[in-house]
Amino acid sequence: GDSVTQMEGPVTLSEEAFLTINCTYTATGYPSLFWYVQYPGEGLQLLLKATKADDKGSNKGFEATYRKETTSFHLEKGSVQVSDSAVYFCALTLLSNDYKLSFGAGTTVTVRA
Amino acid sequence: AAGVIQSPRHLIKEKRETATLKCYPIPRHDTVYWYQQGPGQDPQFLISFYEKMQSDKGSIPDRFSAQQFSDYHSELNMSSLELGDSALYFCASRTLAGGPPRDTQYFGPGTRLTVL
């Protein structure tokens with residue numbers, strides 16, 4: 001079935017460090033790919049998305065590129081802040097699945113001052 | 001911009017009681033999804049509705065039921081609650097019509113259900 005695998009956490013970084021969270025997917029069709037972020041005690045917020053190969057999604061300094069050849073959608077940020085501390089979920093949707101979201105397990109990121 | 005509204009935000013129930021969670025999608029969104037997120041887990045799809053008809057069903061227990069009404073709001077009804085039902089329940093909406101891309105869901109803040 002369709003699934004998402006993302007690197008396990010927790011990840012602890014210092015402010016201004018470089019962040020990478022790996023995400024790979026398995027899908028029977030051509031999925032749309034997403035990163036959602038969940039801040040402590042809050043709901044899910046869409047961070048960025050990409051809908052076709054080589055698309056780059058970006059938002060708030062975060063970037064991810066849809067790589068069809070490696071079935072990956074790694075999240076990166078060049079200089080993290082304490083306010084980036086959250087749980088990050090990689091997810092996919094497919095038209096064939098009525099666009100319901102399949103999430104990865106989530107990666108907890110803690111940024112220390 | 002208007003967002004997805006969920007109520008209540010917090011709910012405490014005893015075992016074997018019933019609970020009703022409500023979701024009000026973004027205006028003009030015609031599709032609603034329900035997800036359950038257990039502690040430390042990723043959200044799991046429960047059920048979805050399009051134009052007031054159930055469109056897909058995931059790992060939703062038989063004790064749960066849901067519907068979408070004529071104004072597009074949705075309710076998740078949970079009966080014979082068990083301790084394991086304690087979780088964060090999210091509603092998300094999207095639209096097949098114009099506006100945001102059809103493949104993007106927008107989430108509400110969630111309802112935190114605690115079963116004692």
Side-chain angles (χ1 to χ4, degrees), chain A residues 1-10 21 23-25 27 29-52 55 57 59 64 66 73 86-110, chain B residues 1 3-10 21 23-24 26 29-51 53-60 66 68 87-97 100-112:
Chain A
D2 307 315
S3 66
V4 174
T5 302
Q6 61 182 101
M7 65 182 279
E8 294 184 13
I21 304 176
C23 170
T24 57
Y25 67 89
Y30 205 138
S32 296
L33 302 174
F34 302 82
W35 278 100
Y36 281 87
V37 58
Q38 188 173 31
Y39 297 103
E42 298 187 13
L44 290 164
Q45 297 180 26
L46 177 64
L47 182 58
L48 54 84
K49 61 172 281 192
T51 55
K52 60 183 188 296
D55 264 3
N59 186 24
Y66 192 142
F73 192 54
V87 181
Y88 293 81
F89 291 97
C90 185
L92 67 80
T93 64
L94 283 160
L95 170 60
S96 59
N97 272 344
D98 190 37
Y99 290 123
K100 66 175 182 280
L101 283 159
S102 295
F103 288 91
T107 302
T108 300
V109 174
T110 302
Chain B
V4 177
I5 297 171
Q6 291 187 248
S7 67
R9 294 293 308 278
H10 302 273
L21 279 53
C23 168
Y24 297 86
I26 292 171
H29 279 199
D30 48 30
T31 307
V32 168
Y33 300 80
W34 286 95
Y35 294 85
Q36 177 192 56
Q37 185 181 27
Q41 298 180 5
D42 58 295
Q44 295 293 316
F45 170 73
L46 291 178
I47 195 167
S48 61
F49 293 88
Y50 168 64
E51 284 290 346
M53 298 288 290
Q54 181 182 307
S55 54
D56 200 359
K57 200 171 181 180
S59 49
I60 182 169
Q68 186 179 32
L88 196 54
Y89 290 84
F90 287 110
C91 170
S93 73
R94 69 173 180 92
T95 180
L96 288 179
R102 60 178 61 192
D103 61 355
T104 301
Q105 294 179 32
Y106 296 88
F107 282 78
T111 293
R112 185 170 296 282

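Just so it is clear: chains get the letters A, B, ... in the order the sequence lines come, proteins before strands, and each one is counted from 1. Because only heavy atoms are used, hydrogens play no part in the values below, and waters and symmetry mates are left out as well, while side chains stay in.
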Within a strict 4.5 Å, meaning less than it, do heavy atoms of the [X] and [Y] side chains meet?
X: Phe107(B); Y: Gln38(A); value: no
X: Phe89(A); Y: Pro43(B); value: yes
X: Gln6(A); Y: Asp42(B); value: no

**Study point:** Best-contacting candidate, Ser102(A), Gly106(A), Gly43(A), Ala91(A), against chain B by heavy atom pairs under 4.5 angstrom
**Key:** Gly43(A)

Revision key, fill the gap. Among Leu95(A), Thr51(A), Asp98(A), the residue with the most heavy-atom pairs under 4.5 Å to chain B is Asp98(A)

Review point. Within a radius of less than 6.0 Å around CD of Glu42(A), do more than 12 heavy atoms belonging to other residues, nucleotides or ligands occur?
Key: yes

Exercise for review: Identify which part of Gln37(B) has an atom lying under 4.5 Å from any heavy atom of chain A, answering side chain, backbone, both or neither.
Suggested key: side chain

Review point. Which bit of Phe34(A) is near chain B, if near means a heavy-atom gap under 4.5 Å: side chain, backbone, both or neither?
Key: side chain

Review point. Between the main-chain N or O of Tyr99(A) and the side-chain N or O of Gln105(B), is there a donor-acceptor pair closer than 3.5 Å?
Key: yes

Review point. Do any N or O atoms from the side chain of Tyr35(B) and from the backbone of Leu101(A) form a donor-acceptor pair under 3.5 angstrom?
Key: yes

**Study point:** Closest approach of Leu46(A) to Tyr106(B) (non-hydrogen atoms, all atoms of both residues)
**Key:** CD2-CE2, 4.4 Å

